[in-house]
**Q** 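This is the structure I have questions about; it appears just below.
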Protein chains: 2
Amino acid sequence: MIRKQKPKLPAILKYDLILANVGKHITLDEKEISFFTSLLKEKHIDKKDFVLKEGQLCQYISFVNSGLLRAYYLDKEDKESTIMFAVADWWITDMYCYINRKPAMLTIQAVEDSQILNLKKDDLEKLYVEVPKFEKFFRIIMQNAYIREQLRIIQNLSLSAEERYHQFLTKYPQVAKQVTQKQIASYLGVTPEFLSALRANKSKR
Amino acid sequence: MIRKQKPKLPAILKYDLILANVGKHITLDEKEISFFTSLLKEKHIDKKDFVLKEGQLCQYISFVNSGLLRAYYLDKEDKESTIMFAVADWWITDMYCYINRKPAMLTIQAVEDSQILNLKKDDLEKLYVEVPKFEKFFRIIMQNAYIREQLRIIQNLSLSAEERYHQFLTKYPQVAKQVTQKQIASYLGVTPEFLSALRANKSKR
DNA sequence: CTGATTTCTTAAGGTACATTAATTTTCTTT
DNA sequence: AAAGAAAATTAATGTACCTTAAGAAATCAG
């Protein structure tokens, strides 16, 4: 397969977004910044290529610098369930398998050409030891992730497919424009045919 | 309403469980232990009484010493969706509202007479400052909570009601014995009538 | 112990959503 | 630009799960 040109960001820009992301919750000095960034491995992912496949060891947590990734679960009948979308400024991994060094349950694929920064489990552990402030940072990241997932559970239990679709459009308008309806349907837990019918009914009114 | 006798645990026992819980992830010295425990407020909750009601400010995160609590969401049609059960050795709160000091979306009610230890948001923040190891502790607690919720989403999207019921029985056999089928149904996202029918089919085979 | 309340069960009829399949539209590759 | 592949739409038919209702069983309050 012929590789496309990889547009490398100048180093000065490469870490801008992630440092701003970290800076929302903790403050780092020069040394801490250079130690942290030294642990990050830049990677370009072409559209439709995989960051992680089911069954592989999930070595990295990835910060999205640009582009759009999707994590999904494939069940025994090969039906996809989209677990999350990650746009620029988001973190994504198969958390259970990353933390416990187990084979991945999730597949993570690029929806668009993407630029990510990877952090290995071992390096994250070093980071916790060397710069304990990162315990706080990831405490907040995990807390927010927990809250988001819990809200999604509440909505899955209490709302109809149509209401969930509307919520999705409101909450992630940008993602909604970039992904296929098939992918949105698999996030909502309905078939693409049914989502299509919902949309047709909606626009009639 | 006539209050029942509250059986107070001797102090030496009162903190045993929570200190073992914390001790799974971090190690505390004497001073840290006494500072931490000084922030905890013991509370007895009679069966069916409320720890938190929708709309109230959620001031506490609660550690369950004994008994069983249930957190649920009430939608506009007054339908209950059970978000979690918390048995002894578990932490429970309306995390979004606790962290952001917003009115609670969830109601937390005692399924059985329960003994809990409450930690105020302000005191937790003091704890993070005085004993930074607690950042690590709650990082791990949040991480585990995130992983659990994500697994639940995967199962809600990919499994039938019957499969989810079976998973629930396997994962929480003790809880399954203590709560009503109505409550299990509302955790699974089905009506009690349908769960009853599932059980009838299952036992036929 | 007794009546009242809540839970559980069963069953009939209804609805939200799935399946299959055919057609059109959009996207991708060369 | 053309061909091929994937996505979206539409429609008919099917099913998992809901609603309503009524009776039986279990639990609770006095």
Side-chain angles (χ1 to χ4, degrees), chain A residues 1-4 46-49 68 70 72 75-82 85 109-113 155-169 175-205, chain B residues 1-4 46-49 68 70 72 75-82 109-113 155-169 175-204:
Chain A
M1 195 183 296
I2 296 152
R3 310 233 92 218
K4 288 176 195 160
D46 288 335
K47 182 170 179 170
K48 296 198 178 166
D49 278 359
L68 174 51
R70 179 174 73 104
Y72 60 90
D75 69 17
K76 36 193 159 47
E77 280 100 29
D78 269 1
K79 195 187 72 177
E80 287 182 9
S81 297
T82 294
F85 296 103
Q109 187 181 23
V111 173
E112 301 290 353
D113 282 17
Q155 295 185 344
N156 282 349
L157 292 175
S158 65
L159 301 182
S160 69
E162 183 165 10
E163 290 168 320
R164 276 178 277 142
Y165 177 57
H166 178 249
Q167 283 278 355
F168 181 83
L169 293 183
V175 174
K177 279 175 203 152
Q178 290 179 261
V179 304
T180 63
Q181 276 172 226
K182 194 182 165 193
Q183 290 168 345
I184 296 176
S186 92
Y187 181 93
L188 299 176
V190 298
T191 58
E193 293 84 356
F194 187 68
L195 177 57
S196 177
L198 285 186
R199 285 161 46 85
N201 287 335
K202 200 167 190 177
S203 55
K204 250 181 238 163
R205 293 176 227 153
Chain B
M1 196 183 295
I2 295 152
R3 310 232 95 218
K4 289 174 196 162
D46 288 336
K47 182 170 178 169
K48 295 196 177 166
D49 278 0
L68 174 51
R70 179 174 73 105
Y72 60 90
D75 69 18
K76 36 195 159 43
E77 281 100 29
D78 267 1
K79 194 187 71 175
E80 287 183 8
S81 296
T82 295
Q109 188 182 21
V111 173
E112 302 289 353
D113 282 16
Q155 295 186 343
N156 282 349
L157 292 176
S158 64
L159 301 182
S160 69
E162 183 166 12
E163 290 167 319
R164 276 177 277 143
Y165 176 56
H166 177 250
Q167 282 279 355
F168 181 83
L169 294 183
V175 173
K177 282 174 201 152
Q178 290 178 261
V179 305
T180 63
Q181 276 173 225
K182 193 181 165 194
Q183 288 168 347
I184 296 177
S186 92
Y187 181 92
L188 299 175
V190 298
T191 57
E193 293 83 355
F194 187 67
L195 178 56
S196 179
L198 285 187
R199 284 161 48 84
N201 288 336
K202 199 166 189 176
S203 54
K204 252 182 237 163

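So that the names make sense, note that chain A is the first sequence line, chain B the second, and so on, each numbered from 1.
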**Q** Quickly work out the A:N156 CG to D:dC17 C1' distance and round it to whole Å.
**A** 16 Å
**Q** Quick one: A:Q109 CD to D:dA6 P, roughly how many Å, whole number?
**A** 12 Å
**Q** Would you say the side-chain atoms of B:Q183 pair up with the backbone N or O of B:T180, donor to acceptor, closer than 3.5 Å?
**A** yes
**Q** With sequence neighbours left out, what residues match B:Q155 under side chain to side chain contact (heavy atoms under 4.5 Å, CB included)?
**A** B:L151, B:L159, B:Q167
**Q** Could you state the atom-to-atom distance from CG of B:L188 to P of D:dA16 in whole Å?
**A** 17 Å
**Q** Give me the residues of residues 175-187 of chain B where at least one heavy atom lies under 4.0 Å from an atom of DNA chain D, by number, or none.
**A** none
**Q** Using whole Å, report how far CG of B:N201 lies from P of D:dT15.
**A** 15 Å
**Q** List every contact pair, protein side and nucleotides 12-19 of chain C side both N or O, where the distance is under 3.5 Å.
**A**
{"from": "C:dC17", "atom 1": "OP1", "to": "A:A161", "atom 2": "N", "distance (Å)": "3.3"}
{"from": "C:dA18", "atom 1": "OP2", "to": "A:T191", "atom 2": "N", "distance (Å)": "3.1"}
{"from": "C:dA18", "atom 1": "OP2", "to": "A:T191", "atom 2": "OG1", "distance (Å)": "3.2"}

**Q** Considering only residues two or more places apart or on different chains, which pairs with a residue in residues 187-197 of chain B satisfy side chain to side chain donor-acceptor pair (under 3.5 Å)?
**A** none
**Q** Can you list the residues that meet the side chain to side chain contact (heavy atoms under 4.5 Å, CB included) rule with A:S158, with sequence neighbours excluded?
**A** A:I154, B:Y73, B:D75, B:S81
**Q** For B:A161, which residues count as a side chain to side chain contact (heavy atoms under 4.5 Å, CB included) partner, sequence neighbours excluded?
**A** B:R164, B:V190, B:F194, B:L198
**Q** Any N/O pairs under 3.5 Å between the protein and nucleotides 25-30 of chain D? List them or say none.
**A**
{"from": "D:dC28", "atom 1": "OP1", "to": "B:K47", "atom 2": "NZ", "distance (Å)": "3.1"}

**Q** Using a 3.5 Å distance criterion without hydrogens, assess whether the side chain of A:D113 forms a donor-acceptor pair with backbone atoms of A:K47.
**A** yes
**Q** Would you please confirm or rule out a distance under 4.0 Å between OP1 or OP2 of D:dT9 and any side-chain N or O of A:R199?
**A** yes
**Q** Spell out, as yes or no, whether a donor-acceptor pair under 3.5 Å connects the side chain of B:S186 to the backbone of B:T82.
**A** yes
**Q** Quick check for you: to the nearest 0.5 Å, what is the distance between B:E162 atom CD and B:R199 atom CZ?
**A** 12.0 Å
**Q** Name all residues meeting the side chain to side chain contact (heavy atoms under 4.5 Å, CB included) criterion together with B:E80; count only those two or more places apart in sequence or in a different chain, and write none if there are none.
**A** B:R70, B:Y72, B:L74
**Q** Give a yes or no answer on whether the side chain of A:Q109 reaches the backbone of A:D49 with a donor-acceptor pair at less than 3.5 Å.
**A** no
**Q** Measuring from B:K177:NZ to B:L68:CG, what's the distance to the nearest 0.5 Å?
**A** 13.5 Å
**Q** Between the side chain of B:K79 and the main-chain N/O of A:L157, is any donor-acceptor distance below 3.5 Å?
**A** yes
**Q** Applying salt bridge (charged side-chain N to carboxylate O under 4.0 Å, His left out), name anything that partners A:K76, two or more places apart in sequence or on another chain.
**A** B:E163
**Q** To the nearest 10°, let me know how far the axis at one end of the helix from C:dC1-D:dG30 to C:dT30-D:dA1 is tilted from the axis at the other, five pairs an end.
**A** 70°
